[in-house]
Amino acid sequence: MALRFYNSLSQQLEPFTPQDGKTVRMYTCGPTVYHYAHIGNLRTFTFQDILRRWLRASGFALNNVMNITDVEDKIIRTAMAQGKTLREYTAQYEEAFLEDMATLRLERPERVVRATEHIDEMVDLIQKLGEKGFTYESDGSTYYRISKFPEYGKLSHNDFGGMIAGARVDVDEYEKDDARDFVLWKQKKEGEPSWDTPIGDGRPGWHIECSAMAMKYLGATLDIHAGGIDLQFPHHENEIAQSEAVTGKQFAKFWLHAEHLIVEGQKMSKSLGNFYTLRDLLELGYAPETVRFLLESVPYRNKLNFTMDGVKAAATAIERLRNFELRLKTEKFAPGGEAASEERTAAAVTRFREAMDDDLNTAGALGVVFEFLRDTNSAMDGGKFLAGNVASAQGLLNLFDSVFDVMRPTTVAGGISDEAVEALIAERVAAKKARNFGRADAVRAELDAQGIVLEDTKDGPRWKRK
RNA sequence: GGUGCGGUAGCCAAGUGGUAAGGCAAGAGUCUGCAAAACUUUUAUUCGUCGGUUCGAUUCCGACUCGCACCUCCA
């Protein structure tokens with residue numbers, strides 16, 4: 001089965017190929033930089049990273065644009081309260097966000113673009129919408145007239161026929177013709193940052209930035225547009241309305257939405273005290289790759305219950321993977337090759353690919369890897385895994401890690417060097433040989449204190465960092 | 001009220017019209033100077049409840065129930 005994704009637009013799994021057959025033109029909704037990213041945000045960005053990596057593993061090139069929303073009500077309010085310019089205020093969080101991405105090993109999209117640097121494109125788009133009759137002005141602000149776009153609702157599959165009973169009625173400070181209409185350009189308020197443009201002195205609405213930047217860099221029709229589930233409505237619905245009204249072309253072939261994360265079974269919120277940033281978790285002593293593994297382990301369309309037990313389980317699971325690789329690299333296998341082992345590895349590769357091809361079923365893919373680990377460990381114990389089987393097994397691990405990226409421990413600065421460890425181990429080996437177990441145990445304790453775990457195997461001692 | 005998602009072992013979590021992956025935890029074992037670590041192994045007659053379709057359903061359909069999300073800013 002070929003690569004396929006669940007398309008929110010059709011609500012079905014669809015086979016995926018980029019329009020030109022080679023390069024995937026993808027737009028991913030990035031962060032609003034008014035606070036540190038929380039673990040829920042990072043779940044979505046981890047999904048986008050997995051998506052990128054698997055597209056590449058499937059043989060496609062990537063052209064991925066991610067936006068940074070750096071102008072928006074909350075940003076303006078807080079920046080002004082702190083007496084800072086927009087840029088001064090957002091720079092710190094943008095930097096922190098990019099740092100968090102790097103820490104979690106999330107690849108940097110080919111282009112990361114700021115909303116404030118694309119005001120001209122937004123204004124241009126709004127003017128085009130105006131020429132086509134999709135806008136109206138009210139109190140100096142410009143709105144999108146949804147009644148002019150009959151397909152409105154096709155992404156969120158909402159019925160907008162009339163007011164929605166039970167839903168809270170929109171209370172906007174501006175006058176709109178229809179409660180559904182959304183603002184494209186907001187008139188300047190006294191003292192707030194603004195841009196003086198042909199459509200007035202003001203600032204852009206939230207939705208227009210993505211349409212403008214996506215089409216500027218990726219053309220009228222994207223292969224993939226991805227983001228968090230909460231953006232499906234109204235943000236993405238509005239992007240479609242803006243973009244398709246102007247181009248008359250389908251805005252995105254595929255819409256991929258990542259489910260939210262909950263913490264200890266509850267919605268994450270500051271009031272519940274279960275609101276975590278990556279920094280919080282690192283301070284608790286968890287390695288970045290442990291957090292990454294946990295975020296990856298549940299398929300993106302399912303809610304992920306983030307628990308401290310889960311983080312600990314993730315850490316142990318990674319240990320198991322690393323132990324296997326260590327064994328693969330250090331054990332002296334007998335010469336020759338075992339056909340059964342080659343077949344097992346080849347089957348695992350196929351099944352791993354099938355799981356990932358199936359809408360990025362990371363849980364299934366992990367199952368394949370762990371099953372492979374168990375069976376291969378058994379084969380090694382039984383002498384059915386030979387030197388000639390190492391390369392392909394390592395190849396499977398490499399394929400796995402090219403997507404999951406958890407094998408490499410995050411290095412801690414200032415630790416004991418590899419050479420020093422080796423020297424101590426050599427000393428212990430000598431002590432053991434001389435049956436000086438007191439000294440041997442002392443060395444082991446010393447290494448332990450340095451965060452080094454020593455393992456005696458039939459091929460001699462091997463070690464790893466905790 | 002509308003829309004959508006989900007209820008699978010102690011916890012997390014895949015999955016299929018043909019009789020339940022995997023991870024963690026727990027029990028047992030192997031190895032070892034002692035350890036540690038590692039590895040192996042055991043653990044759901046059962047997939048929210050009740051009906052229906054079927055030779056056969058956890059998997060399809062219906063009802064019910066519980067939980068969640070969105071419909072307003074939100075990854």
Side-chain angles (χ1 to χ4, degrees), chain A residues 8 11 28-32 37-48 72-74 153 156-172 179-180 206 226-235 237 257-262 265-269 293-294 297-307 309-321 323-324 326-327 351 355 358 361-378 380-382 432 435-437 440-441 444-445 447-448 453-458 461-464 466:
Chain A
S8 299
Q11 299 178 291
T28 49
C29 279
T32 301
H38 60 250
I39 196 66
N41 296 321
L42 295 172
R43 198 261 169 121
T44 298
F45 296 117
T46 302
F47 145 67
Q48 292 174 359
E72 174 261 1
D73 288 355
K74 264 180 275 193
S156 52
H157 309 284
N158 275 329
D159 178 14
F160 290 98
M163 274 316 291
I164 306 155
R168 270 166 280 176
V169 178
D170 186 80
V171 276
D172 200 294
R180 301 176 302 168
W206 174 39
I229 184 75
D230 53 293
L231 297 183
Q232 186 173 8
F233 184 87
H235 185 54
E237 195 75 70
H257 291 108
E259 246 300 348
H260 277 187
L261 163 154
I262 56 178
Q266 291 183 294
K267 183 169 178 166
M268 180 170 55
S269 74
F293 184 89
L294 180 53
S297 62
V298 177
Y300 77 95
R301 284 199 297 128
N302 294 1
K303 271 192 264 296
L304 188 159
N305 187 9
F306 190 93
T307 65
D309 283 350
V311 187
K312 292 186 190 109
T316 313
I318 291 176
E319 268 312 295
R320 190 126 169 266
L321 291 161
N323 284 329
F324 177 80
L326 194 61
R327 187 174 187 186
R351 291 175 54 219
D358 183 14
N361 183 352
T362 49
L366 280 173
V368 171
V369 171
F370 279 103
E371 207 175 324
F372 170 79
L373 246 63
R374 186 197 59 212
D375 293 345
T376 304
N377 271 321
S378 291
M380 288 171 170
D381 292 345
K432 275 180 73 174
R435 302 197 65 80
N436 181 358
F437 296 123
D441 290 352
R444 189 165 66 199
L447 285 168
D448 183 69
V453 179
L454 196 61
E455 300 173 12
D456 287 328
T457 75
K458 63 182 168 63
R462 70 182 183 200
W463 64 279
K464 64 190 179 193
K466 270 186 221 170

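The sequence lines fix the lettering, A, B, ..., with proteins before strands; numbering per chain opens at 1.
The same atom, P, is picked in U45(B) and in U32(B); the two are 38 Å apart, to the nearest Å. Between G48(B) and A38(B), the distance separating the two P atoms is 35 Å to the nearest Å. To the nearest whole angstrom, the two P atoms, one in G22(B) and one in C39(B), are 16 Å apart. A gap of 11 Å separates the C1' atoms of U40(B) and C31(B), to the nearest Å. On the P atoms, G6(B) is 23 Å away from G10(B), given to the nearest whole Å. Between C64(B) and G1(B), the two P atoms lie 12 Å apart (nearest whole Å). A distance of about 34 Å separates the P atoms of G52(B) and U43(B), rounded to the whole Å.
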Anything under 3.5 Å between a protein N or O and an N or O of nucleotides 65-70 of chain B, put it in a table, one pair a line.
unit_1: C70(B); atom_1: OP1; unit_2: Lys267(A); atom_2: NZ; d: 3.2

Protein-nucleic acid N or O pairs under 3.5 Å, nucleotides 35-39 of chain B:
unit_1: A35(B); atom_1: N6; unit_2: Asp456(A); atom_2: OD2; d: 2.9
unit_1: A35(B); atom_1: N1; unit_2: Arg444(A); atom_2: NH1; d: 3.0
unit_1: A35(B); atom_1: N3; unit_2: Arg444(A); atom_2: NH1; d: 2.8
unit_1: A35(B); atom_1: N3; unit_2: Arg444(A); atom_2: NH2; d: 3.2
unit_1: A37(B); atom_1: O2'; unit_2: Glu455(A); atom_2: OE2; d: 2.4
unit_1: A38(B); atom_1: OP1; unit_2: Asn323(A); atom_2: ND2; d: 3.4
unit_1: C39(B); atom_1: O3'; unit_2: Asn377(A); atom_2: ND2; d: 3.4
unit_1: C39(B); atom_1: O2'; unit_2: Asp381(A); atom_2: OD2; d: 2.6

**OP:** Begin with the C-alpha distance, continue with both residues' side-chain angles, and end with the deciding distance and a verdict on side-chain hydrogen bond (donor to acceptor under 3.5 Å, both in side chains) for Ser156(A) and Glu237(A).
**Re:** CA-CA 7 Å; Ser156(A) 52; Glu237(A) 195 75 70; 2.5 Å; yes

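Here the closest heavy-atom approach between residue Asn323(A) and residue Arg462(A) is recorded as O-NH2, 4.4 Å.
Residue Ala313(A) is the one, among Leu261(A) and Ala313(A), whose nearest nucleotide of RNA chain B lies closer to the 5' end (criterion: closest heavy atom).
Taking 4.5 Å as the limit, some side-chain heavy atom of Arg327(A) sits within range of a side-chain heavy atom of Asn377(A).
Put simply, the side chain of Asp441(A) and the base of G33(B) share a donor and an acceptor less than 3.5 Å apart.
Under the stacking criterion of a centre-to-centre distance below 5.5 angstrom and an interplanar angle below 30°, Phe45(A) is not stacked against the six-membered ring of A75(B).
Counting only distance, with no hydrogens or angles, the side chain of His157(A) and the backbone of Ser8(A) share a donor-acceptor pair below 3.5 Å.
When heavy atoms are screened at a 4.0 angstrom cut-off, Gly228(A) is found touching the sugar-phosphate backbone but no base atom. Residue contacts for Ala317(A): at a heavy-atom cut-off of 4.0 Å it reaches the sugar-phosphate backbone alone, with no base atom in range. If you check every strand for non-hydrogen atoms under 4.0 Å, His257(A) touches nothing. Contact annotation for Gly310(A): no contact, since no heavy-atom pair falls under 4.0 Å across all strands. Among the heavy atoms of the strands lying under 4.0 Å from Phe370(A) are primed sugar atoms or P, OP1, OP2 only; no base atom is included. If you check every strand for non-hydrogen atoms under 4.0 Å, Pro299(A) touches sugar and phosphate atoms only.
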Subject >> Nucleotide-level pairing of RNA chain B, given in dot-bracket where Watson-Crick and G-U pairs need both distances under 3.5 Å and | marks other strands >> reply: (((((((..(((.....[...))).(((((.......))))).....(((((..]....))))))))))))....

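Distance CG/Asn302(A) to OG1/Thr362(A): 8.5 Å, rounded to 0.5 Å.
For the salt bridge (charged side-chain N to carboxylate O under 4.0 Å, His left out) test, residues two or more places apart in sequence or in another chain that qualify with Lys464(A) are Glu319(A), Glu455(A). Lys303(A) pairs by the salt bridge (charged side-chain N to carboxylate O under 4.0 Å, His left out) definition with Glu259(A), not counting sequence neighbours. Applying the side chain to side chain donor-acceptor pair (under 3.5 Å) criterion to Asp448(A), with sequence neighbours excluded, gives Lys466(A).
Distance CG (Asp375(A)) to C1' (G22(B)): 12 Å, rounded to an integer number of Å. Remark: C1' of G4(B) and CG of Asn302(A) are 14 Å apart, rounded to the nearest angstrom. Summarising the geometry, the separation between CG on Asp309(A) and C1' on A13(B) is reported as 14 Å, rounded to the nearest angstrom.
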